[in-house]
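The block underneath contains the structure these notes are about, expressed in structure tokens.
No hydrogens, no waters, no symmetry mates; every other heavy atom, side chains included, goes into these values. Nothing here was measured: the structure is a model prediction, and the numbers come from that model.
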Amino acid sequence: MREMFAGMPWWVKWVAVPVIAIVVFGGLIASVVGFVIGLLFKVLVFAVLVGGLVFVVRKFMASSPSGRDW
């Protein structure tokens, strides 16, 4: 592989090959990045909802005089 690129101009190695890779694998890269961002967003929403639930339950338990009568 090194011998193949040895005689090529610099712009082939540093411009043309990365552009071809982005064109060929661009859809795959975009879908993986979209999946990761979507997953992180869902994890963030889950953490906020669980934190809100814990906050509401603690607030309710603190305000009720007999919270342990369940």
Side-chain angles (χ1 to χ4, degrees):
M1 192 67 141
R2 228 176 256 252
E3 295 87 19
M4 187 172 75
F5 283 117
M8 299 284 176
W10 68 269
W11 60 269
V12 172
K13 292 185 266 191
W14 299 107
V15 177
V17 173
V19 167
I20 292 171
I22 289 172
V23 168
V24 171
F25 296 110
L28 176 66
I29 293 169
S31 66
V32 168
V33 169
F35 174 75
V36 169
I37 290 174
L39 185 63
L40 288 175
F41 179 73
K42 288 178 183 178
V43 167
L44 179 65
V45 168
F46 176 75
V48 167
L49 289 174
V50 169
L53 178 65
V54 168
F55 175 76
V56 168
V57 168
R58 285 190 178 181
K59 191 88 161 169
F60 176 73
M61 296 292 278
S63 66
S64 69
S66 59
R68 304 279 183 207
D69 287 346
W70 297 52

N/O donor to acceptor pairs below 3.5 angstrom from side-chain atoms of residues 4-33, sequence neighbours left out:
from : atom 1 : to  : atom 2 : distance (Å)
S31  : OG     : G27 : O      : 3.3
S31  : OG     : L28 : O      : 2.8

Under 3.5 Å, which donor-acceptor pairs link side chains of residues 52-59 to any protein atom two or more places apart or in another chain?
none

Problem set entry | Cluster companions of V45 among Ile, Leu, Val, Met, Phe, Trp, Tyr (side-chain spacing under 4.5 Å) | F41, L49

